[in-house]
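We count ligands from 1, going down the list as the structure has it; atoms in each ligand are counted the same way.
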Amino acid sequence: MDKPTDDNLSRLPGFYKLSIAERLDMLGARIHLTPEERYSLRGEPLPLAIANQMVENVIGVFGMPMGIAANFHINGRDVLVPMVVEEASVIAAASHVAKLVREHGALTTSSTDAVMIGQIQIVGIADPQAARQRILDARTRILAIANEQDPVLTEMGGGARDVEVRVLETPRGAMIVVHLLVDVRDAMGANAINTMCEALALYMEGLSGGKVLLRIVSNLADRRLARARLEIAPAAFDEHNWKGQVVAEGIVNAYAFAQADPYRAATHNKGVMNGIDAVVLATGNDWRAVEAGAHAYAARSGKYGPLTTWEIGPEGRLVGNIELPMSVGLIGGATKVHPTARLALKILGVKSARELGEVMAAVGLVQNLAAMRSLVTEGIQKGHMILHARNVAISAGAVGETATIVANQMVREGKIRFDRAKQILRHVLMAAEKKVRTIETRMSHDSPKPPTPQDR
Ligand code: MEV
């Protein structure tokens, strides 16, 4: 086994070929795993008692595969990326393209402060513009009331930062929406924000003369953005039948398609979110919040578009960028109570929620590149077919190497069916049994016979 260093921490050569126990050993050589952590991966990932405290009416826990995407090198640091996803080939695709990027390019990230928006809706106001001004004039008091709700957050350097007031014309008449901007530091932030907005309701009614209705976080977290940038030499995509330059041009054309057409943009972004959601889920974060923010951000111009951009840069390199809201945290919610989510954060080695969001953005960008690279070359079905065939082979009873043999045979035949998997499996097992018998017979002939009385 290679000796892990800071420079090759995320290189996991041959990881996919190992048994799960061997993979844990390889991971353990990079990130010390306690017996409890190993158990949380191999034993009971989420104890029932914890599950029972998390939501209502619990009847059990639901398992999902968790894997590691290898080869990520972000801002000069190797990062092992835990991913929880039910779709085959997502982790392999991310790992493969991350390897191309580390060898032929660079992946960097940045982010804004973790500023989330809380919304307070006020209706029934006689003069909305005058009320708006009164609320703005009371900014200092509003921030003070908000910050009294969460002294821990203010101690950590976070807290309410600003107030914005919008007057919305709606079919139900004019209403005021107050935006409370809060730096939530390493929290996802919804709880802190909702508490602050609820605490401000009475004061807002006094200021505005209206009635407060909704007091809730906005998932269009456009003040809390994570960004990633990737550049790669087109030669990275050189392959027997494909010239890298042509692949890179194809990717830019694929991006132009997504830019021009929301039907394509939705699928383009689905590919981005394949990567992001898998890390959001692994770390116990709220993937619905991240999804909502991503798609709302993708439509911010009024037309739904792709979350990434792709172009050929001045030096002929393929350059990709992503920017999206990233309301994820390191503290609170399932991130702290779920043992495997805690372990995922340890594997990632991130020190802040901002860093976590940046890694997620980087994974989304790489995942998008991986999808487009397949789409502009051989298409995604070939890779999917092999994995699908493997799943069919396993459900027909094949295990380990045998599953690969059965799957490959079905792919060669272009017939991926349970009944065919059973037939091939029977043949493979019979052939293996025959081989074992032949070897045994040969060995019994070759091995020295026990001495008979005549020999003595
Ligand atoms: C499949 O899960 C994701 C893709 O459809 C993404 C894309 O089309 O860009 C392959």
Taking only heavy atoms of [X] into account, list the atoms of ligand 1 that are under 4.0 Å away from them.
{"X": "Gly271", "answer": "6 (C)"}
{"X": "Glu87", "answer": "1 (C), 2 (O)"}
{"X": "Lys270", "answer": "1 (C), 2 (O)"}
{"X": "Leu375", "answer": "7 (C), 8 (O), 9 (O)"}

Check your understanding: Between His295 and Tyr304, does a side-chain hydrogen bond (donor to acceptor under 3.5 Å, both in side chains) hold up when you go through it step by step?
Key -> CA-CA 8 Å; His295 296 292; Tyr304 187 88; 2.7 Å; yes
Check your understanding: Only one of Asp113, Asp183, Val182, Leu180 clears side-chain contact (heavy atoms from CB on, under 4.5 Å) with Arg161; which?
Key ->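 The residue from Asp113, Asp183, Val182, Leu180 that satisfies side-chain contact (heavy atoms from CB on, under 4.5 Å) with Arg161 turns out to be Asp183.
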Practice item. Quick one: do Asn321 and Trp310 satisfy side-chain hydrogen bond (donor to acceptor under 3.5 Å, both in side chains)? Show the steps, please. Key: CA-CA 7 Å; Asn321 277 284; Trp310 293 96; over 6 Å; no
Just to confirm my output: which protein heavy-atom neighbour is closest to [atom], and how far is it?
{"atom": "atom 8 (O) of ligand 1", "result": "Arg264 NH1, 2.8 Å"}
{"atom": "atom 3 (C) of ligand 1", "result": "Asn274 ND2, 3.6 Å"}
{"atom": "atom 5 (O) of ligand 1", "result": "Thr267 CG2, 3.5 Å"}

Review point. Can you tell me if Asn71 and Arg11 form a side-chain donor-acceptor pair at under 3.5 Å?
Key: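 Looking only at side-chain atoms, Arg11 and Asn71 do form a donor-acceptor pair, the distance falling under 3.5 Å.
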Review point. Considering only heavy atoms from C-beta outward, does the side chain of Leu46 approach that of Phe62 to under 4.5 Å?
Key: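 Heavy-atom side-chain distance check fails, nothing below 4.5 Å.
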Review point. Run the side-chain hydrogen bond (donor to acceptor under 3.5 Å, both in side chains) check on Thr108 and Arg229 step by step: do they pass?
Key: CA-CA 5 Å; Thr108 51; Arg229 181 179 193 280; 5.5 Å; no
Practice item. Give a yes/no verdict on whether any heavy atom in Met372 is under 4.0 Å from an atom of ligand 1. Key: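 False for this residue.
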Exercise for review: Start with the C-alpha distance between Gln409 and Arg412, add both sets of side-chain angles, then the distance that settles side-chain hydrogen bond (donor to acceptor under 3.5 Å, both in side chains), and finish with yes or no.
Suggested key: CA-CA 5 Å; Gln409 174 73 22; Arg412 268 197 301 278; 3.0 Å; yes
Check your understanding: Taking both backbone and side-chain atoms of His268, is any N or O found less than 3.5 Å from an N or O belonging to ligand 1?
Key -> no
